[in-house]
Amino acid sequence: MDAISHIDCWGRIRTELRASIGVDAFNNWIEPLELLGIEAGIARFSVPTNFMGNWVQRNYADAILHLFKAEGVEIGRLAFEAPSQTAAPAAERVATKPTAKPSEPRLASSPLDSRFTFDQFVVGTPNELAHAASRRVAEGGDVTFNPLFLYGGVGLGKTHLMHAIAHEIRATRPEARVLYLSAEQFMFRFVQALRFKDMHSFKEQFRSVDMLMVDDLQFIAGKNSTQDEFFHTFNALIEQGKQIVISADCSPGEIEGLEERIRSRLQWGLVVDLHPTNYELRLGILHAKAEAQAKANPNVGLDVKVLEFLAHRISSNVRVLEGALTRLFAFASLVGRDITLEMAQDSLSDLLRQSDRKVTIDEIQRKVAEHYNLRISDLLSPRRARAVARPRQVAMFLSKSLTAKSLPEIGRKFGGRDHTTVIHAVKRVEEMKLTDSQIADDVELLRRMLEA
Ligand code: ADP
Ligand code: MG
């Protein structure tokens, strides 16, 4: 294999790693690596610091070796080369910095994901406040809330919003020095500065920025000397009126092992949470991501019902939702088929199983009413208008096929109807499924939504 195909192969391995270890870990550890070459069974990488090299060696070497092997490249070990440690990287000055040679120390800011922009962020009720606050901070001007503290569960868009702020500032005020990094990296750099007796430039670097963004602050909980340093950095910046943006997986009050003085400082600013996504937001996100995927895979058709199905069935974590869609497109383009409900159910069964549960008649009634834009009381009422009777029959049919309830029990649950009415409904829906594709699709969609 020549050098070019080694690079290609490393590109594919990176893609694999990104999917398997997650975007954050990927950005922290794998993204900064540059493959220098493969010789005599050793893959050599350049890496910003020895510390990072050691970390990757300890944590990811096995996975990387394994993936090389899967590519048909036998490698005995990895080697990492860091630039000389004496020169600590200076805070990034975008405007004055000529294009850096790849072998130079990485800029202080962690790499930003180019897809994490405001444009790509879908806004809904659960995240609108966090989004608005982030926009406001990105606009700059008078600092109205400092720090901005974003918190919320995994995969709800904290990192996306922080990167979006950084992208926006880089585009509109390139001279501003924006430093984005995870709390973990803050800690590593701090430890490294201690080790290399380089505290002076560490402090200099952190205190000369215009905006500091620290992602996943919960990582420094319990790390006392790091917390001290963070506290001092924090205060120094706030005193100079510099903006700080912090994220964490819970509110300042809930981060265990966080010093009290940090906790209270964090509450000076604006604390906003990203709520778990709701159905509308999930559907909006899926539409946006499907559009992007469709551009990249023009030959793959997609049944829109699949998006509704996923929005219903996959819970709040957007990363999981994205992963599901990516997998469907990859699978569909591989086998040269369109994405259908069947395919979604088959190829995502592991994800869907996580939301396994017993279906109840109440749930069926709720979903059917929702689907047909009716009230549940309509389904239970004696009304016989077709717009109500059809959905009611569908709901009865689903109750029969998805629960273990008897016909009389089902009848009772539908406004005290007789079991013969239920039998009739089941027969009717079975017939209609053969002749009316709309009904067949509705039933199928509802069934898949309800079914484990
Ligand atoms: P967190 O940092 O909160 O764990 P991320 O910001 O890494 O979550 O988001 C996880 C994934 O979901 C990312 O790929 C991100 O782009 C995507 N994502 C999350 N929320 C949204 C949203 N509202 N619109 C578009 N993509 C989103
Ligand atoms: Mg994150």
Side-chain angles (χ1 to χ4, degrees), residues 14-15 17-31 109-135 137-138 148-168 180-187 213-221 245-251 254-255 271-296 307 310-311 314-330 351:
R14 280 165 50 100
T15 310
L17 284 169
R18 192 191 173 96
S20 59
I21 68 178
V23 176
D24 290 346
F26 179 87
N27 285 344
N28 288 345
W29 304 113
I30 307 297
E31 169 76 40
S109 203
S110 294
L112 300 174
D113 192 313
S114 60
R115 300 163 314 161
F116 291 3
T117 59
F118 282 121
D119 282 349
Q120 307 263 337
F121 191 81
V122 180
V123 184
T125 336
N127 61 22
E128 64 183 337
L129 194 55
H131 171 259
S134 302
R135 281 262 192 202
V137 162
L148 169 61
F149 187 96
L150 301 170
Y151 76 94
V154 175
L156 297 183
K158 302 181 292 296
T159 298
H160 189 136
L161 283 175
M162 292 178 105
H163 286 204
I165 294 172
H167 284 308
E168 182 76 13
Y180 163 86
L181 78 181
S182 70
E184 220 176 359
Q185 285 172 332
F186 181 87
M187 182 176 80
M213 300 205 264
V214 180
D215 206 349
D216 289 320
L217 188 74
Q218 71 275 4
F219 277 124
I220 63 163
V245 183
I246 308 281
S247 88
D249 62 358
C250 51
S251 73
E254 292 163 335
I255 304 179
V271 177
V272 252
D273 60 339
L274 287 127
H275 296 276
T277 61
N278 56 17
Y279 174 76
E280 286 73 27
L281 178 57
R282 287 197 292 277
L283 193 60
I285 291 172
L286 282 166
H287 272 287
K289 309 256 168 185
E291 211 168 289
Q293 288 275 3
K295 278 205 194 100
L307 301 184
L310 294 178
I314 294 182
S315 63
S316 74
N317 184 336
V318 180
R319 194 173 295 144
V320 177
L321 211 58
E322 270 189 318
L325 203 61
T326 307
R327 215 204 281 180
L328 286 180
F329 272 95
L351 284 182

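Both counts, for ligands and for their atoms, begin at 1 and track the order of listing.
- Every side chain to side chain contact (heavy atoms under 4.5 Å, CB included) that V123 has, sequence neighbours left out, goes to F121, N127, E128, H131.
- Among residues two or more places apart in sequence or in another chain, the side chain to side chain donor-acceptor pair (under 3.5 Å) test is passed with S182 by none.
- With values rounded to the nearest 0.5 angstrom, D215 atom CG is found 7.5 Å from K158 atom NZ.
- The side-chain contact (heavy atoms from CB on, under 4.5 Å) test with M213 is passed by exactly one of V137, I165, L161: I165.
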Present, as a list of atom pairs with distances to 0.1 Å, all nitrogen or oxygen contacts under 3.5 Å between ligand 1 and the protein.
from     : atom 1 : to   : atom 2 : distance (Å)
ligand 1 : 2 (O)  : T159 : N      : 2.9
ligand 1 : 2 (O)  : T159 : OG1    : 2.8
ligand 1 : 3 (O)  : L156 : N      : 3.3
ligand 1 : 3 (O)  : G157 : N      : 3.1
ligand 1 : 3 (O)  : K158 : N      : 2.9
ligand 1 : 3 (O)  : K158 : NZ     : 2.8
ligand 1 : 4 (O)  : G155 : N      : 2.7
ligand 1 : 4 (O)  : R319 : NH2    : 3.3
ligand 1 : 6 (O)  : K158 : N      : 3.4
ligand 1 : 6 (O)  : T159 : N      : 3.1
ligand 1 : 6 (O)  : H160 : N      : 2.7
ligand 1 : 7 (O)  : R319 : NH2    : 2.8
ligand 1 : 8 (O)  : G157 : N      : 3.2
ligand 1 : 14 (O) : E322 : OE1    : 2.6
ligand 1 : 14 (O) : E322 : OE2    : 3.3
ligand 1 : 16 (O) : H160 : ND1    : 2.7
ligand 1 : 23 (N) : V122 : O      : 2.8
ligand 1 : 23 (N) : N127 : ND2    : 3.3
ligand 1 : 24 (N) : V122 : N      : 2.8
ligand 1 : 26 (N) : K289 : NZ     : 2.9

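- In summary, S247 places no N/O/S atom under 2.8 Å from the Mg ion (ligand 2), failing the contact criterion.
- The aromatic rings of F116 and H163 sit tilted, their planes meeting at an angle between 30° and 60°.
- Every residue meeting the side chain to side chain contact (heavy atoms under 4.5 Å, CB included) condition with F219, not counting sequence neighbours, appears here in chain and number order: A183, E184, D216.
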